[in-house]
Amino acid sequence: MMAKIAVVFWSGSGNTEAMANAVVEGVKKGGAEAELIRVGDFSADRIADYDGVLMGCPACGTEELDETEFEPFFAEAEGKLAGVKVGLFGSYGWGGGMFMETWTERTQEAGANMVADGVTCENEPDDDALARCRDLGAAMAKAVG
Ligand SMILES: Cc1cc2nc3c(=O)[nH]c(=O)nc-3n(C[C@H](O)[C@H](O)[C@H](O)COP(=O)(O)O)c2cc1C
């Protein structure tokens, strides 16, 4: 059976959503199945149903995750990520992607196996950023393949 990857994201103005679409492309190109899911339609309990989870959220607050939906999800997910193959991505506006460092630390402390470095880009992803998102998806497909 084909490996199945959840691509779970939150996006306020569409930039991280555009990244998520490219991540999905990369997973599929890499030969795995990808399900694109808004975080509001997902729950941490479902992580175990997938071979890997790719998570997307932009920089919010002050270098934080979205506090309305993504942070509550991720706080619960931290208890369920041990040994799980994970990749992170998200857009930022002015902080240079600093939020990704904290998020990566939390993910590693939760015991997840990160399949690649987190992918960030400033505002709307350009061609280079979209290519890096596809690479992230492909790295996940390879890790579960
Ligand atoms: C309320 C709010 C808080 C933000 N906080 C940060 C921040 O701390 N650091 C940063 O680099 N960008 C910050 N941004 C900018 C967003 O991360 C940026 O616009 C991003 O492209 C939004 O992605 P999205 O279209 O997926 O929502 C903030 C934006 C909003 C609306």
Side-chain angles (χ1 to χ4, degrees), residues 3-81 84-144:
K4 194 170 66 169
I5 307 304
V7 181
V8 180
F9 74 100
W10 184 90
S11 184
S13 51
N15 296 333
T16 303
E17 182 169 11
M19 296 176 82
N21 286 321
V23 167
V24 165
E25 275 177 41
V27 171
K28 290 180 176 170
K29 261 203 178 137
E33 214 179 295
E35 251 181 68
L36 184 64
I37 311 161
R38 289 182 187 277
V39 71
D41 298 327
F42 196 69
S43 75
D45 290 335
R46 286 174 57 195
I47 289 172
D49 299 341
Y50 294 85
D51 299 293
V53 185
L54 292 160
M55 294 182 265
C57 184
C60 292
T62 310
E63 300 304 321
E64 286 156 342
L65 300 170
D66 156 63
E67 66 175 10
T68 63
E69 292 184 322
F70 200 91
E71 174 59 39
F73 157 73
F74 189 73
E76 210 186 324
E78 282 178 295
K80 301 175 189 290
L81 287 176
V84 176
K85 295 186 174 80
V86 167
L88 306 178
F89 60 94
S91 174
Y92 63 86
W94 51 82
M98 243 171 62
F99 81 108
M100 184 56 78
E101 292 178 25
T102 323
W103 190 13
T104 296
E105 277 169 27
R106 287 177 69 183
T107 303
Q108 287 171 338
E109 277 165 20
N113 298 327
M114 290 194 60
V115 300
D117 287 341
V119 174
T120 58
C121 69
E122 190 179 328
N123 295 312
E124 192 180 343
D126 60 11
D127 286 348
D128 169 70
L130 292 173
R132 289 185 289 116
C133 289
R134 285 192 293 271
D135 287 349
L136 175 64
M140 173 60 86
K142 192 172 176 197
V144 299

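Atoms within a ligand are numbered from 1 in the order they appear, just like the ligands themselves.
In this structure, Trp103 and Phe70 have perpendicular ring planes: the angle between them is above 60°, well past the 30° mark.
A heavy-atom cutoff of 4.0 Å around ligand 1 is satisfied by the protein residues Ser11, Gly12, Ser13, Gly14, Asn15, Thr16, Pro58, Ala59, Cys60, Gly61, Thr62, Glu63, Ser91, Tyr92, Gly93, Trp94, Gly95, Asn123.
You'll find the side chain of Lys85 stays beyond 4.5 Å of the side chain of Val53, heavy atoms only.
Residues satisfying the ring-ring contact (aromatic ring centres under 6.0 Å, His included) test with Phe89, not counting sequence neighbours, are none.
Checked against the 6.0 Å centroid criterion, the rings of Tyr92 and Phe99 do not qualify as a close aromatic pair.
Judged purely by atom type and a 3.5 angstrom limit, Thr16 has no side-chain atom pairing as donor or acceptor with the backbone of Ser11.
Among the candidates Asp51, Val115, Val27, the single residue satisfying the side-chain contact (heavy atoms from CB on, under 4.5 Å) test with Val144 is Asp51.
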